[in-house]
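Residue indices begin at 1 and follow the sequence shown. Worth knowing before you read on, the calculation uses all heavy atoms, side chains too, and leaves out hydrogens, waters and symmetry mates.
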Amino acid sequence: MIPCPLGSYCPLAKLNHTTGLCDPYNYQVPPGQTNHTCGAADIWADIKSSSEVFCSAGSYCPSTIQKNPCSSGHYCRLGSTSQKACFQLASCESKSANQNITAYGIMLFVGLSFLVVVIYSCSDQVLTTREKRIAKSREKAVQSVRENAQARETWKSAKSFAKRGAIGLQTQLSRTFSKRKSSRMPGPRGLSQAIPGTDGGLPPLPPGASSSFQFEPKGKKKEPSNLTKMIHEIDENPESQHGFNIQIGNQNIRKNAPKGKQLHTQSQMFRYAYNQIEREKAMQEQNKNLTFSGLITMANDIDIRKRPAIEIAFKDLTITLKGKNKNLMRCVTGKLSPGRVSAVMGPSGAGKTTFLSALTGKVPGCTMSGMVLVNQKVESIRSYKKIIGFVPQDDIVHGNLTVEENLWFSARCRLAADLPKPEKVLVVERVIESLGLQAIRDSLVGTVEKRGISGGQRKRVNVGLEMVMEPSLLILDEPTSGLDSSSSQLLLRALRREALEAVNICMVVHQPSYSLFKMFDDLILLAKGGLTVYHGPVKKVEEYFAGLGITVPERVNPPDYYIDILEGIIKPSASSGVNAKQLPIRWMLHNGYQVPMDMIESFEGTKASTSEENGDGTDAQSFAGDLWADVKCNVEVTKDSIQHNFLSSGDLSDRRTPGVFQQYRYFLGRVGKQRLREAWTQSVDYLILLLAGICLGTLAKVSDETFGSQGYIYSVIAMSLLCSIAALRSFSLDKLHYWRESGSGMSSLAYFLSKDTVDLFNILIKPLVYLSMFYFFNNPRSSVYDNYFVLVCLVYCVTGLAYILAICFEPGPAQLWSVLLPVVLTLVATHNDNNKVVDLISDLCYTKWALEAFVVSNAKRYSGVWLITRCGSLQGSGYDLMHFVPNLLKLIATGIVARAIAYICMITLQKK
């Protein structure tokens with residue numbers, strides 16, 4: 001006989017004299033020993049082989065020979081040594097094998113669903129309330145500034161009127177005394193003659209009025225009156241309001257308003273900003289045609305920060321596509337000067353965008369020859385990226401943020417870190433004012449699914465993102481495309497104001513109106529192939545082409561006419577003796593530039609152009625040659641892109657922007673706002689998790705033979721799928737925004753950490769949401785805490801892997817991989833074949849670590865009579881009781897490594 005363990009019921013057997021067996025264990029008495037008595041059980045194995053030894057469900061066995069039924073309000077599982085009390089709302093009758101806690105699950109489902117609805121309904125209200133408070137403060141500041149301006153105008157009018165009255169009175173007195181002095185004659189004084197020193201010579205005053213001018217005795221010096229003092233003070237300082245206390249309601253207008261660094265409250269900052277803007281408007285009204293001298297005068301009255309000047313000169317700039325030897329731009333020479341607005345025009349395929357990219361040093365996959373000078377020095381333009389603004393052709397703006405929030409974020413991250421906040425408020429408010437965005441400042445920009453502001457307004461916000469960082473060089477790629485004439489003029493007026501602060505502005509435009517065309521200072525006209533046709537002042541372009549015999553007809557827009565000629569739609573007159581292909585060579589000869597030999601031969605008509613030769617050669621090449629050339633070109637482009645991303649250069653911009661930690665705070669605030677506005681998406685995720693927990697908890701009942709492994713397999717797959725798909729949204733939808741922001745010098749590390757930090761909320765909450773349903777409907781023996789810790793580590797690991805998929809793939813393939821990966825890895829982790837290769841792979845699967853941790857946490861609750869069953873089951877699956885903590889550490893380590901890989905991929909694969 002063997003000793004029975006706890007949790008078993010094995011009383012002494014009784015000999016059945018008929019059969020000769022010891023009931024109920026069915027073993028025989030040793031032969032020849034008739035006086036031998038039966039003992040206890042002779043076998044103890046797993047639940048399948050010796051189920052009769054286990055204490056039956058619904059009963060508990062305090063000892064191996066005693067079995068008691070479970071009383072009402074308690075439950076007893078198979079192999080129990082004591083009865084356990086049921087929860088309050090659980091239904092437990094007598095001899096219950098388990099407690100029914102489904103009621104708790106239903107209550108939690110209803111409560112969590114209600115909480116999700118409340119969060120969804122109130123999440124955006126938090127931001128709305130905050131925006132209303134800020135808007136109210138801003139409106140008060142605007143009202144105060146307007147009252148101040150009105151009072152100032154009233155005071156100036158009263159001052160002018162008083163001054164004119166005093167001057168008129170003084171002139172009248174002078175004339176009167178001058179007349180008396182000239183007409184004084186000797187003779188007796190009559191009553192009608194005035195005595196000197198009296199008021200007799202003054203004109204009669206109205207009844208009840210008294211003279212304001214009293215003549216003092218000869219021995220005393222006359223003191224100037226208060227009015228005279230005030231007039232002299234006003235003449236010396238016209239803006240001074242000292243000594244006056246003008247009451248407008250409850251507002252007092254004072255001269256000495258607090259400076260920017262002394263302002264603390266939101267209302268004070270807005271008041272300071274709008275006061276400065278009103279003063280600038282007043283100065284602009286006085287100097288409508290502002291020049292640099294006018295700007296200097298304006299700067300004396302208004303504190304305008306000077307920006308470092310950037311002048312770009314380029315000579316024989318040629319850009320060739322690697323692998324194909326195709327010229328995208330050739331022999332471009334010129335200069336972009338500070339304080340001037342340059343327009344780049346030309347037909348499609350002229351290389352306008354390539355020219356802008358070359359100026360910013362962003363031409364991967366191409367060979368750039370020639371010379372580019374920055375401030376007359378051979379320096380990398382990337383050294384000045386902190387003070388260079390680049391407006392892309394596409395409107396890359398965060399749609400789930402308001403107009404003001406987009407501008408504010410760009411200003412915080414890209415303006416100087418030591419710039420006071422009131423000055424930043426002034427910069428942002430000035431840009432909003434100049435671009436005409438006041439009416440929509442609190443409106444969401446909008447996305448494809450959710451309508452927001454109009455396309456023209458979105459375009460202006462796209463430009464404003466670069467204007468708020470106060471660039472010294474501003475490059476814009478088709479900023480007026482899609483705008484009407486009035487919006488285009490509004491945008492160009494704002495850019496001209498930037499140019500007055502010595503900003504170098506270069507922009508690509510398509511078919512500008514004549515009035516818009518005249519607002520530019522310089523014109524760069526390119527022909528197909530990236531050849532220069534004209535580069536100089538706008539005022540002289542018609543004169544230059546007229547010298548070539550090309551005259552613009554009446555009522556025809558000059559830029560449209562020139563582009564039609566370069567496109568081949570209009571042919572120059574025969575009397576001019578030139579065609580579209582000869583215009584670039586004429587420009588080179590006009591300026592004395594060196595003309596390449598092949599272009600001279602083409603000009604003389606003795607030989608076909610190089611491009612035509614290359615085209616004939618390409619036609620003669622084989623398909624394999626073309627394929628090899630394309631593969632080689634793609635490899636070169638990818639290689640240059642990666643090298644460009646890791647290329648570092650010294651900072652010469654003389655601007656210290658906020659550090660990584662400060663930018664992390666800004667990114668964190670922005671991502672938090674975006675997630676609050678995406679509360680509906682988050683709510684749907686939580687509801688799906690709740691339903692998944694209910695379904696899987698109900699269908700996958702706990703099996704004592706496998707320790708609930710079936711339900712845990714479903715849980716691993718479900719949590720991996722649902723959480724990875726949700727994590728893809730963190731990076732797959734913001735790639736364009738990240739590429740733009742990182743290209744402007746924002747911290748990639750701060751961006752990545754902010755996304756991961758906000759996702760930590762879901763990593764902690766989603767397991768709790770799922771487990772709140774699954775645990776109460778499945779009712780395993782393991783504790784809630786063990787299951788929660790395993791799920792948290794699993795979701796942390798899955799989220800890191802989803803980051804890699806989101807960054808390395810497009811949204812469609814990334815979603816496909818996120819679905820296939822957990823399913824395939826789970827099948828590998830649960831295989832039963834004795835294949836060493838598959839075993840080795842399964843040991844590296846995160847799904848096996850999570851599944852083993854789940855099963856081990858549940859198996860630890862089985863003791864006593866369950867030891868043989870537990871050992872056999874764990875050994876058959878390859879699990880170990882000591883691997884619970886190591887498996888959790890493996891999941892966390894995998895999540896950390898996956899995040900590091902995702903960050904490296906994000907930097908490497910970005911397109912700047």
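Across Val790 and Ala853, no two heavy atoms sit closer than the pair CG2-CB, 3.9 Å. Scanning both residues, Arg675 and Ser730, for their nearest heavy atoms gives NH2-OG, 3.2 Å. Taking both residues in full, the closest heavy atoms of Tyr775 and Ser782 are given as OH-O, 2.9 Å, listed atom of the first, atom of the second, then distance. Residues Gln663 and Ser747 share a closest heavy-atom pair of OE1-N, 2.9 Å. Looking at every heavy atom in both residues, Ala829 comes nearest to Lys848 through CB-CB, 3.5 Å. Considering all non-hydrogen atoms of both residues, Ser754 and Val671 come closest at OG-CG2, 4.0 Å.
Here OH of Tyr738 is found 8.0 Å from CD1 of Ile807. Values are rounded to the nearest 0.5 Å. To the nearest 0.5 Å, the span separating CE on Met906 from OG on Ser748 amounts to 5.0 Å. Taking OG of Ser818 as the start and CG of Leu805 as the end, the distance is 6.5 Å to the nearest 0.5 Å. To the nearest 0.5 angstrom, Leu764 atom CG is 12.0 Å from Leu791 atom CG. From Met719, atom CE reaches atom CG of Leu696 across 10.5 Å, with rounding to the nearest 0.5 Å. Once rounded to the nearest 0.5 Å, the distance linking CZ of Phe884 with OH of Tyr879 reads 14.0 Å.
Here the two rings, on Tyr803 and Tyr903, have centers that are 6.0 Å apart or farther.
Side chain of Thr908 to main chain of Cys905: no donor-acceptor pair is present (N/O by atom type, distance under 3.5 Å, no hydrogens or angles). The backbone N or O of Leu825 lies less than 3.5 Å from a partner atom in the side chain of Thr847, making a donor-acceptor pair. Using a distance-only test at 3.5 Å, with no hydrogens or angles considered, no donor-acceptor pair links the side chain of Arg77 to the main chain of Ala57. Without hydrogens or angle criteria, Gln83 side chain to Ser71 main chain gives a donor-acceptor distance under 3.5 Å. Not one N or O on the side chain of Trp849 forms a donor-acceptor pair closer than 3.5 Å with the backbone of His883.
Under the 4.5 Å side-chain criterion, counting only non-hydrogen atoms from C-beta, Cys76 is not in contact with Lys84. Proximity of Leu827 to Val824: side-chain heavy atoms (C-beta onward) are nowhere separated by under 4.5 Å. Looking at heavy atoms from C-beta onward, Val856 lies out of side-chain contact with Asp880 at the 4.5 angstrom threshold. Within the 4.5 Å cutoff, the side chain of Asp839 has heavy atoms near those of the His831 side chain. Between Leu728 and Pro811 the shortest side-chain heavy-atom distance does not fall below 4.5 Å. Counting only heavy atoms from C-beta outward, the side chains of Ser772 and Leu690 approach each other to under 4.5 Å.
The one candidate from Leu801, Leu721, Val716, Leu794 that meets the side-chain contact (heavy atoms from CB on, under 4.5 Å) condition with Pro822 is Leu721. Residue Asp734 is tested with Lys755, Gln674, His398 for a side-chain hydrogen bond (donor to acceptor under 3.5 Å, both in side chains); the sole match is Lys755. Test Tyr664, Phe731, Phe667 against Phe752 for ring-ring contact (aromatic ring centres under 6.0 Å, His included) and you get one pass: Phe731.
At most 12 non-hydrogen atoms from other residues, nucleotides or ligands lie less than 6.0 angstrom from OH of Tyr714.
For the pair Asp759 and Lys766, the salt-bridge criterion is not met [side-chain N within less than 4.0 Å of a carboxylate O]. Using a cut-off of 4.0 Å between Lys/Arg side-chain N and Asp/Glu carboxylate O, Arg670 and Glu741 are scored as salt-bridged.
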*asked:* side-chain contact (heavy atoms from CB on, under 4.5 Å) for Leu909 and Cys808? Distances and angles first, verdict last.
replied: CA-CA 8 Å; Leu909 302 178; Cys808 297; 4.1 Å; yes
*Evaluate the criterion side-chain contact (heavy atoms from CB on, under 4.5 Å) for residue pair Asp685 and Leu689; output intermediate values, then yes/no.*
CA-CA 6 Å; Asp685 290 344; Leu689 285 172; 5.5 Å; no
_Could you walk me through whether Leu691 and Met773 satisfy the side-chain contact (heavy atoms from CB on, under 4.5 Å) test, starting with their C-alpha distance in whole Å, then the side-chain angles of each, then the deciding distance to 0.1 Å, before giving a yes or no?_
CA-CA 8 Å; Leu691 294 175; Met773 295 294 102; over 6 Å; no
*Going through the distances and angles, do Ser732 and Phe809 end up as a side-chain contact (heavy atoms from CB on, under 4.5 Å)?*
CA-CA 8 Å; Ser732 61; Phe809 298 99; over 6 Å; no
*side-chain hydrogen bond (donor to acceptor under 3.5 Å, both in side chains) between Ser783 and Tyr788: does it pass, once the steps are laid out?*
CA-CA 9 Å; Ser783 65; Tyr788 176 71; over 6 Å; no
*After noting the C-alpha distance and the side-chain angles of Asn762 and Tyr686, does the key distance pass the side-chain hydrogen bond (donor to acceptor under 3.5 Å, both in side chains) rule?*
CA-CA 10 Å; Asn762 286 328; Tyr686 293 152; 2.8 Å; yes
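Because its NZ or CZ atom is both nearer than 6.0 Å to the ring centre of Tyr796 and within 45° of the ring axis, Arg899 counts as a cation-pi partner of that residue.
Partners of Glu852 according to the salt bridge (Lys or Arg N to Asp or Glu O under 4.0 Å) rule, which considers only residues two or more places apart in sequence or in another chain, do not exist here.
Relative orientation of the Tyr712 and Phe774 rings is tilted, given thresholds of 30° and 60° on the angle between their planes.
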